Amino acid sequence: MSTPMPLDPRLPDGPVATAWQRCRENLPLISPNRKQRLRILVVGSGLAGASAAASLAEQGYRVQVLTYHDSPRRAHSVAAQGGINAARNYANDGDSVERLFRDTVKGGDFRAREAGCHRLAEISGAIIDQCVAQGVPFAREYGGTLANRSFGGALVSRTFYARGQTGQQLLYGAYQAMLRQVAAGRVELLCRRDMLDLIVHDGRARGVVCRHQLTGALEVISADAVLLATGGYSNVFYLSTNALKSNATAIWQAHRRGACFANPCFTQIHPTCIPSGDAHQSKLTLMSESLRNDGRIWLPLHPGDDRPPAAIPEAERDYFLERQYPSYGNLVPRDLASRRARELCLEGRGVGPGGRSVYLDLAGAIARDGTGAIDARYGNLLEMYERITGDDPRATPMRIYPAPHYTMGGLWVDYHLMSTVGGLFVLGEANFSEHGANRLGASALMQALADGYFIAPATVTGWLAGAGAGVLADDHPACRGAVAAVEARIGALRSTGGTQPVDVFHRRLGHLMIDACGISRRAERLTAALTELEALRQDFLRDLRLPDQDGVLDGELEKALRLEDFFGLADLMLRDALAREESCGAHFREEHQTPDGEALRDDERFAHIAAWEHRPGGTPLRHSEPLTYRSVVPGPRNYG
């Protein structure tokens, strides 16, 4: 199945419950004076990147933060809506670190490391304390205590939130902490720059090559350690809930330079998004999972029923999630909710244009709690929906449909968040994470801040203590070689001289990927898609048209560079989905399902993390890291 490769996760020995404490206490330290002479480069300014930059600078390191945005505040973390999980048991409903740990392992369908999941649950409470101290305006109960609500895959209320703007408020907290270090002279912001290559010398990450968007100049930025916090790759599907410029270039170029890519086919389709309107739409809009606390999801009981929703009596409605999963109801994990909605729409029971929607109905909650209470919880979400669709969700049910949203796959990292390239650390959604084959709602923000505020500041120091200084001069052969490679790549794209703009090829790639590697997959379609993908890539290289560069700004070149990397990543996703002959979490192979249509795992052959090694000019090699469980025994992922 795979060629052996030494993938050492560096997991601590002994009990999982104390693994992080023992690891942290045994990490070597660096004196404050020496930290001032060490340079760290953070690529990405979202929650993981901004929090890591602020925390490392607070320790005394010289930190540079590279972002393609004009301001770090524009990072896509700002779009997260629903909340952040933490095991504080404020609702007195039986929550605990142990329960959050088990929910995370089960939610990921037993395809994540136990030790990492426990560390995430263990750190969660400290994240809330940190954010409250920064002034993040979490929702509060009447008496002043922090409020909680529920998210999918949990039977407790553990999600802290700031209306429907939680990501924005958390990012502003991390951003102001980072700006404090900018004012202190320990952080330098490098805005409007695209990372286009990773500089590796003697098996160690030494910096990056980036392109300045305002001048077009290629720049070398060297460092003693490089942290990638550049988010996920859902835009490989073209239409997704990600920001338009969200891309995979940083992690893909790191992969090409030696960083293994783990579980690339583990991608999450979010069940509650506004359906696409037309063929030329450029992105999709998320409606927070938090709406499933009060909203009930249903479809007409009979196919072809095109009556207005208010005209359909209760007896002729199918609340299909409540029917299929009575224990969790509408708060089942995202992969289950998305798959069931799609199945019914394919059977002809969907509503709206093309029958590609289901209803999310707040009428019962409004009747119970009043419009004012619902507006207080979800006001900005309801306003957003009304502006986009023209329908008032207080008066008529929302129409929603699943859409690409998050990627559990990413660069392989060990317990210290270091990749297979020495000195290259990967944080947040950019790594393959602790979410296994399916992320639970409100856990992305938790992981990003755990990585940035608490884990990386300890483990990066531990690595640098034994690695020594490693900043290269700009004219070092490794730097010159990386710059030359980027120049050649840009030159090749500019010389194509074709007839079609970038978006035409990106849209075709998205259609191919959502059909072959979306909510469900099957072997023959994946195999055919590999051939179709290569043909499309050749069309792109032959018929791409880039406009003449009249000025310095060159948005089409930026898109072309990103799309070229998406082609490589799409190939790896298809290969990974084809090789994993099982269904687990969001990876649903139609050939491997139970009689009632649930995912059928194969723990005997696939209880491992797949890690792909890039081979220039050759077929990528699949390696594996076995997963062992001591605290949680893998069993059926039952949400009924």
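The shown structure was predicted, so the numbers you read here are calculated from the model rather than taken from an experiment. Reckoned from all heavy atoms, side chains included, excluding hydrogens, waters and symmetry mates.
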Exercise for the section: Would you confirm whether Asn242, through its side chain, and Tyr233, through its main-chain N or O, come within 3.5 Å as a donor-acceptor pair? Expected result: no
Problem - Shortest non-hydrogen contact from Pro404 toward Ile269 - result: CA-CD1, 3.8 Å
Practice task
Answer yes or no for Arg339 and Phe588: cation-pi contact, defined as NZ/CZ to six-membered ring centre under 6.0 Å and angle to ring axis within 45°.
Solution key: yes
Handout entry: Short side-chain donor-acceptor distance under 3.5 Å, Glu590 and Ser520
Key = yes
Problem - Geometric class of the His587/Phe266 ring pair [parallel <30°, tilted 30-60°, perpendicular >60°] - result: tilted
Problem - Glu558 side chain to Asn247 side chain, donor-acceptor N/O pair below 3.5 angstrom - result: no
Exercise for the section: Give me the one residue out of His255, His614, His623 that meets ring pair (Phe, Tyr, Trp, His ring centres under 6.0 Å) with Phe261. Expected result: His255
Exercise for the section: Given salt bridge (Lys or Arg N to Asp or Glu O under 4.0 Å), test Asp571 with Arg575 step by step and report yes or no. Expected result: CA-CA 6 Å; Asp571 179 87; Arg575 293 179 187 276; 2.7 Å; yes
Handout entry: Atom CD of Glu604: over 12 foreign heavy atoms under 6.0 Å
Key = no
Exercise for the section: Might you work through the salt bridge (Lys or Arg N to Asp or Glu O under 4.0 Å) test for Asp109 and Arg111, ending with a clear yes or no? Expected result: CA-CA 6 Å; Asp109 214 353; Arg111 291 295 176 262; over 6 Å; no
Practice task
May I ask you to say whether Asp335 pairs ionically with Arg439, meaning some side-chain N is under 4.0 Å from a carboxylate O?
Solution key: no
Practice task
Rounded to the nearest 0.5 Å, what's the gap from CG on Leu411 to CZ on Phe432? Could you check?
Solution key: 10.5 Å
Problem - For Phe566 against Ser246, the heavy-atom pair lying closest together - result: CZ-O, 4.0 Å
Exercise for the section: Taking all heavy atoms of Thr104 and all of Cys117, pick out the closest pair and write down the distance. Expected result: CG2-SG, 3.9 Å
Practice task
Search all heavy atoms of Pro333 against all heavy atoms of Asn438 and return the closest pair with its distance.
Solution key: CB-ND2, 3.7 Å
Practice task
Identify the two heavy atoms, one from Gly452 and one from Leu427, that lie closest to each other, and give their separation to 0.1 Å.
Solution key: CA-CD2, 4.0 Å
Exercise for the section: Check the pair Arg522, Glu591 against salt bridge (Lys or Arg N to Asp or Glu O under 4.0 Å), reporting the backbone distance first and the verdict last. Expected result: CA-CA 7 Å; Arg522 63 185 187 278; Glu591 308 95 322; over 6 Å; no
Handout entry: Closest heavy-atom pair and its distance - Ile123, Phe454
Key = CG2-CD1, 3.5 Å
Problem - Basic-acidic side-chain contact under 4.0 Å: Asp202, Arg204 - result: no
Handout entry: Pi-cation contact, Tyr406 with Arg334 (under 6.0 Å, within 45°)
Key = no
Exercise for the section: Verify salt bridge (Lys or Arg N to Asp or Glu O under 4.0 Å) between Asp565 and Arg489, making sure each step is shown before the conclusion. Expected result: CA-CA 11 Å; Asp565 293 329; Arg489 184 182 173 202; 2.8 Å; yes
Handout entry: Test: Lys106 cationic atom under 6.0 Å from Tyr639 six-membered ring centre, within 45° of axis
Key = yes
Exercise for the section: Using only heavy-atom distances, determine whether the side chains of Glu429 and Thr407 contain a donor-acceptor pair under 3.5 Å. Expected result: yes
Practice task
Compute both the distance and the angle, then confirm whether Arg562 meets the cation-pi test with Tyr68: under 6.0 Å from the six-membered ring centre, within 45 degrees of the axis.
Solution key: yes
Practice task
Can you label the angle between the Phe505 ring and the Phe540 ring as parallel, tilted or perpendicular, going by 30° and 60°?
Solution key: perpendicular
Problem - Side-chain donor/acceptor of Thr420 to backbone N/O of Cys260, under 3.5 Å - result: yes
Handout entry: N-O pairing of Arg340 and Glu598 below 4.0 Å
Key = yes
Problem - Exceeds 12 heavy-atom contacts within 6.0 angstrom, atom CZ of Arg24 - result: yes
